Structure formats: structure tokens, C-alpha cells
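This is a predicted model, so every value here is computed, not measured.
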Amino acid sequence: QVQLVESGGGLVQAGGSLRLSCAASGSTFSSAAMGWFRQAPGKEREFVSGISWNGGRTYYADSVKGRFTVSRDNAKNTVYLQMNSLKVEDTAVYYCAAAVGRYFAGPDDEYSYWGQGTQVTVSS
């Protein structure tokens, strides 16, 4: 069993930055690929970024490439999403997810566990 808790969301002006954190419980974090997703009101959930279990591989949606950076610290059981140059259209609830036993997981792969989400609101 893995529990994921996101934090770091909030209200920021366009052009600003936020860093999201996702803290995982359990001993399987270091063997889990991690992903970040988001869902805006009235829209489907969207894959944002993924990172392999050792941090050696990362992947970004085109909409955030060059602005967001995913990283992880396996010693702290935490994955991060650094979000820079935020846009109004980045407003959404952001979720982290774990694909236990997978080196890497992308947007179409199955994720075993999900966090509750953290709200990010970008104002103009």
C-alpha cells in the first residue's frame, strides 16, 4: 500500500512559480515510476510529467515542456514538480500518481496509487 500526499499548491500570478511536492509512504517508492497529472474544471484529466524510479528518465507534456521540471528524492520518498512561467491555463487540481514496479510510466500507462490532489490557481 502506498499513500501519496501532495502539497505546495496555491494562488500565484501569471509568470510566477510554484513547487509541488508529493510525499509517499511505504517502502516501494524507490521502485515506482511517478507521474503528475492535472484536471481543470470541466476538462478531462491530463498527463503533465513523468519520472522513472531512479530519476534517470523524464517526460513532459508539450504544454509544459520548458517550464516545468520533475525530480525526485528517493531518500525522502518525495517527488517534486517545479512550475515556472505559470500561465492561467495551468490552473487545475494537480495529482501525483505511482506506478509501482515500473521503471517508467507515461500518460497511457496504469498507475497503482493516486494522491488527493492540490489546487493550483494562476491569476492574470
Original post:
Got a second to check how far Ser21's OG is from Lys76's NZ, nearest 0.5 Å?
Top reply: 9.5 Å
Original post:
About how many Å separate CE of Met83 and CG of Leu18, when rounded to the nearest 0.5 Å?
Top reply: 4.5 Å
Original post:
Ignoring hydrogens and geometry, is there a side-chain-to-backbone donor-acceptor pair from Arg72 to Phe29 under 3.5 Å?
Top reply: yes
**OP:** Carefully, step by step, assess Ser71 and Gln82 under the rule side chain to side chain contact (heavy atoms under 4.5 Å, CB included).
**Re:** CA-CA 8 Å; Ser71 62; Gln82 177 68 43; over 6 Å; no
Original post:
With a cut-off of 6.0 Å (strictly less than), are more than 12 heavy atoms of other residues, nucleotides or ligands near NZ of Lys65?
Top reply: yes
Original post:
Between Val70 and Tyr60, which heavy-atom pair has the shortest distance, and what is it?
Top reply: N-OH, 2.9 Å
Original post:
Taking the side chain as C-beta and beyond, is there a heavy-atom pair between Ser112 and Val2 under 4.5 Å?
Top reply: no
**OP:** To the nearest 0.5 angstrom, please state how far the OH atom of Tyr111 sits from the CG atom of Leu4.
**Re:** 12.0 Å
Original post:
To the nearest 0.5 Å, how far apart are OH in Tyr80 and OG in Ser49?
Top reply: 15.0 Å
**OP:** Measure the spacing between CD1 of Ile51 and OH of Tyr59 and express it to the nearest 0.5 Å.
**Re:** 15.0 Å
**OP:** Answer yes if Val12 and Val48 sit in the same cluster of Ile, Leu, Val, Met, Phe, Trp and Tyr residues linked by side chain heavy atoms under 4.5 Å apart, and no otherwise.
**Re:** yes
Subject >> Ser17-Asn84 side chain donor-acceptor pair, cut-off 3.5 Å >> reply: yes
Subject >> Candidate pair Glu46 and Ser63, rule side chain to side chain contact (heavy atoms under 4.5 Å, CB included), full reasoning >> reply: CA-CA 10 Å; Glu46 174 189 20; Ser63 57; 3.4 Å; yes
Subject >> Arg45 to Trp114, cation-pi by 6.0 Å centre distance and 45° axis angle >> reply: yes
**OP:** Go through the steps to decide whether Gln13 and Val122 satisfy the test side chain to side chain contact (heavy atoms under 4.5 Å, CB included), and finish with yes or no.
**Re:** CA-CA 5 Å; Gln13 286 191 325; Val122 185; over 6 Å; no
Subject >> CD on Gln116 to SG on Cys22, rounded to 0.5 Å >> reply: 11.0 Å
**OP:** Report yes or no: does Asp73 contribute a side-chain atom to a donor-acceptor pair with the main-chain N or O of Val79 at less than 3.5 Å?
**Re:** no
**OP:** Under the side-chain hydrogen bond (donor to acceptor under 3.5 Å, both in side chains) rule, collect the residues that match up with Gln39, sequence neighbours excluded.
**Re:** none
Subject >> Where Asn54 and Ser52 come nearest, the two heavy atoms and their spacing >> reply: OD1-OG, 2.9 Å
Original post:
Side chain of Glu6, backbone of Gly117: donor and acceptor closer than 3.5 Å?
Top reply: yes
Subject >> Considering all heavy atoms, the nearest Ala105-Ala33 contact >> reply: N-CB, 3.5 Å
Original post:
Which residues pass the ring-ring contact (aromatic ring centres under 6.0 Å, His included) test with Trp36, sequence neighbours left out?
Top reply: none
**OP:** Walk me through it: do Ser7 and Thr118 pass the test side chain to side chain contact (heavy atoms under 4.5 Å, CB included)?
**Re:** CA-CA 6 Å; Ser7 61; Thr118 185; 5.7 Å; no
Original post:
If you look only at pairs with a residue in residues 85-96, which of them pass as a side-chain hydrogen bond (donor to acceptor under 3.5 Å, both in side chains), with sequence neighbours excluded?
Top reply: Arg38-Asp90, Arg38-Tyr94, Arg67-Asp90
Original post:
Judged by atom type as modelled, is there a donor-acceptor pair below 3.5 Å linking the side chain of Tyr113 to the main-chain atoms of Ala24?
Top reply: no
Original post:
Are Val64 and Phe104 linked, directly or through other ILVMFWY residues, by side chains that come within less than 4.5 angstrom of each other?
Top reply: no
**OP:** Measure up the Phe47 and Phe37 rings against each other and bin them: parallel (under 30°), tilted (30 to 60°), perpendicular (over 60°).
**Re:** perpendicular
Original post:
Hey, any chance Val100 and Met34 share a hydrophobic cluster, counting ILVMFWY side chains that come within less than 4.5 Å of each other, even indirectly?
Top reply: yes
